[in-house]
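This chain uses plain numbering: 1 for the first residue, then up along the sequence. Only a predicted model underlies this, so the values are computations on that prediction, with no experimental measurement involved.
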Amino acid sequence: MADLKLHRLDHVPERLLDIDALDLHTLLPGPTLLHLEGRDPHPLFVSVLLHGNEITGLLAIQRLLKKYQRHALPRSLSVFFGNIDAARAGLRRLGGQPDYNRIWPGTDHPPCPETRLMQQVWSIMRDKGVRMSIDIHNNTGRNPLYGCINRLDPRFLNLAALFGRLVVYFLRPRGVQSMAFARLCPAVTLECGKPGVSQGVDRASDFIDTCLHLEAIPDRLPGKGGIDLFHTVAQIKIREGCSFSFSESTADLLFRGDLDHLNFTELPPGISLGEVHTDALPLIALDDEGRDVTDRYFEVREGKLWLKQKVMPSMLTLDERIIRQDCLCYLMERLDETNPLGENP
């Protein structure tokens with residue numbers, strides 16, 4: 001296991017520019033905060049490898065740092081390299097570890113060495129006067145590239161829009177990095193598709209570079225048609241005690257084999273997600289407040305699991321390990337980007 005204390009660097013080790021995520025532990029002994037001075041002293045904060053198998057953030061940072069090897073950074077840059085141990089194993093997290101993107105300030109997770117470490121990182125960046133925050137992730141299913149925010153604030157919306165038209169607003173799960181940093185500055189999570197794919201690496205690196213050059217973020221809502229804005233209304237998990245599979249017909253829930261093809265598709269009521277071989281409803285849906293809203297979205301009829309409302313799923317995956325460690329997916333509804341709070345004109 002890595003040495004679970006925060007290591008700090010003020011320079012770029014030469015090997016960092018090309019090292020593979022699997023070998024990062026040979027260079028960084030544990031979670032590490034790298035701070036580089038730029039012309040504007042108020043830093044951009046970037047977190048990578050909060051999930052050890054999501055390597056796009058590391059690749060994007062390597063590409064960016066190579067660009068600035070012989071040039072001054074336009075803005076100070078702080079990079080947090082998170083779950084080094086999980087990266088060594090090529091896994092999201094190791095058994096016995098908490099999820100490194102569920103333990104930031106504001107988490108529901110009981111206090112532990114990892115929560116204290118994330119509090120330390122957050123406090124350091126607060127004291128440095130952080131101006132923007134980026135958390136870079138991958139996912140395992142078929143998803144487009146998109147940005148996520150935790151506040152319906154014009155600056156947050158405009159920051160996310162620089163990454164792409166597709167923006168998702170969410171309040172659950174608690175304890176994510178972007179939600180903690182939203183208390184300090186505009187913050188965005190980048191979902192960059194499958195790990196290591198060049199499109200995601202290129203877009204993430206270019207976005208970081210753009211943010212390094214930003215003097216200010218517009219404080220007005222995007223115009224009509226400027227973004228496609230969605231709100232996550234429910235997190236979907238497998239109900240405790242229920243088995244599931246994509247191939248075993250004896251499982252309590254046998255999912256349809258093309259489940260991840262439904263991501264970012266506005267589904268009408270009456271779509272079947274799979275076959276049910278138990279009396280209990282095999283999924284549980286939790287809203288922003290953690291309330292059970294399963295009956296609002298799902299029902300079992302004639303041995304099948306049916307969708308009851310028009311929604312758009314995201315992060316559906318065929319990876320059973322990820323489903324067990326995190327969740328099956330999220331359900332979203334469209335928001336008006338010119339009036340996201342639904343205020344009367």
Side-chain angles (χ1 to χ4, degrees), residues 54 56 60 132-173 176-179 182 186-194 197 199-208 210-211 214 217-236 258-269 271 285 287-288 296-297 307 309-317 327-345:
E54 299 178 10
T56 287
M132 288 168 280
S133 170
I134 305 169
D135 185 25
I136 304 179
H137 285 269
N138 295 112
N139 41 72
T140 55
R142 295 167 58 96
N143 290 280
L145 277 59
Y146 62 99
C148 300
I149 59 172
N150 308 112
R151 290 194 180 185
L152 292 173
D153 177 302
R155 297 170 304 151
F156 287 63
L157 289 164
N158 284 304
L159 181 62
L162 290 174
F163 183 66
R165 285 182 53 87
L166 195 55
V167 180
V168 175
Y169 165 66
F170 74 93
L171 294 174
R172 190 175 179 87
V176 298
Q177 185 269 29
S178 59
M179 199 173 294
V188 63
T189 300
L190 307 185
E191 289 292 345
C192 296
K194 293 186 177 181
V197 175
Q199 181 193 23
V201 176
D202 293 346
R203 284 269 294 277
S205 183
D206 290 345
F207 179 75
I208 298 168
T210 296
C211 291
L214 277 182
I217 305 171
D219 195 15
R220 59 184 183 276
L221 288 170
K224 187 71 174 177
I227 58 173
D228 291 319
L229 179 62
F230 294 88
H231 173 212
T232 295
V233 293
Q235 181 186 40
I236 311 303
D258 64 346
L259 194 68
D260 64 342
H261 286 68
L262 303 180
N263 281 325
F264 286 89
T265 301
E266 292 186 270
L267 303 176
I271 293 289
D287 70 6
D288 284 344
R296 183 184 303 171
Y297 296 104
L307 191 62
Q309 292 215 24
K310 177 182 177 180
V311 292
M312 175 184 282
S314 66
M315 292 196 180
L316 282 166
T317 176
C327 67
L328 172 66
C329 70
Y330 297 88
L331 300 181
M332 307 181 297
E333 295 178 351
R334 188 180 289 272
L335 291 178
D336 179 357
E337 70 273 21
T338 63
N339 187 20
L341 296 177
E343 298 172 342
N344 293 325

Task: Heavy-atom side-chain contact between Asn143 and Glu191 under 4.5 Å - done: no

Heavy atoms of Leu307 and Pro268 approach each other most closely as CD2-O, 4.1 Å

Looking at Asp260 and Thr317, would you say the former's side chain and the latter's main chain have a donor-acceptor pair under 3.5 Å? no

One should read off an interatomic distance between Thr140 OG1 and Lys194 NZ, to the nearest 0.5 angstrom, of 7.5 Å

Between the CD atom in Gln309 and the CG atom in Leu331, the distance rounded to the nearest 0.5 Å is 9.5 Å

Side chains of Ile149 and Ser178: closer than 4.5 Å at any heavy-atom pair? no

Shortest non-hydrogen pair, Ala187 vs Leu159, comes out as N-CD2, 4.2 Å

Any chance the side chains of His231 and Glu333 put a donor and an acceptor closer than 3.5 Å?
-> no

Closest non-hydrogen atoms of Cys211 and Ile134, given as atom of the first, atom of the second and distance, are SG-CD1, 4.0 Å

Within the 4.5 Å heavy-atom criterion, are Val233 and Asp288 side-chain neighbours or not?
no

To the nearest 0.5 Å, atom CG of Leu262 lies from atom CE of Met312 at 11.0 Å

OG1 (Thr265) and CZ (Arg142) are apart, to the nearest 0.5 Å, by 9.5 Å

Q | Pair Gln177-Ser133, side-chain donor/acceptor within less than 3.5 Å | A | yes

Inset, instruction - Report yes if some heavy atom in the side chain of Leu214 is under 4.5 Å from a heavy atom in the side chain of Leu162; otherwise report no. - result: yes

Check: Side-chain contact, heavy-atom cut-off 4.5 Å: Ser205 with Ile208?
Finding: no

| task | Give a yes or no on whether the backbone of Asp206 and the side-chain of Thr210 come within a donor-acceptor separation of less than 3.5 Å. | result | yes

Quick check: does any side chain N or O of Arg203 sit under 3.5 Å from a backbone N or O of Phe163, one acting as donor and the other as acceptor?
yes

**Item:** Pair Asn263-Ser314, side-chain donor/acceptor within less than 3.5 Å
**Value:** no

Take Leu229 and Asp336 through the test side chain to side chain contact (heavy atoms under 4.5 Å, CB included) and record every step on the way to the result. CA-CA 7 Å; Leu229 179 62; Asp336 179 357; over 6 Å; no

*asked:* Using side-chain heavy atoms (C-beta onward) and a distance below 4.5 Å, is Thr232 in contact with Leu171?
replied: no

Correct closest heavy-atom pair for Met179 and Pro173 would be CE-O, 3.7 Å

Minimal heavy-atom distance between Thr56 and Ala204, with the atoms involved, is CG2-CB, 4.4 Å

Quiz item: Below 6.0 angstrom between ring centroids: does that apply to Phe264 and Tyr146?
Solution: yes

Applied to residues 157-172, the side chain to side chain donor-acceptor pair (under 3.5 Å) test, sequence neighbours excluded, yields Arg165-Asp228

Margin query: For a 4.5 angstrom cut-off between non-hydrogen side-chain atoms, does Val176 reach Phe170?
Written below: yes

Worksheet item: Do Ile236 and Leu316 pass the side chain to side chain contact (heavy atoms under 4.5 Å, CB included) test, and can you show the C-alpha distance, the side-chain angles, and the key distance before you say yes or no?
Response: CA-CA 10 Å; Ile236 311 303; Leu316 282 166; over 6 Å; no

Worksheet item: How far apart are the C-alpha atoms of Leu190 and Phe207, what are their side-chain angles, what is the distance that settles it, and do they pass the side chain to side chain contact (heavy atoms under 4.5 Å, CB included) test?
Response: CA-CA 10 Å; Leu190 307 185; Phe207 179 75; 3.6 Å; yes

Rounded to the nearest 0.5 Å, the CG atom of Leu328 sits from the CD atom of Gln235 at a distance of 10.0 Å

Open item on the list: I'd like to check Val167 versus Phe230 (side-chain heavy atoms, cut-off strictly below 4.5 Å). Are they in contact?
Closed with: no

Testing the 3.5 Å rule here: is there a donor-acceptor pair between the side chains of His137 and Asp135? yes

Rounding to 0.5 Å, atoms SG (Cys192) and CD (Glu54) come to a distance of 9.5 Å

Nearest heavy-atom approach of Gly193 to Leu145 is N-CD1, 4.2 Å

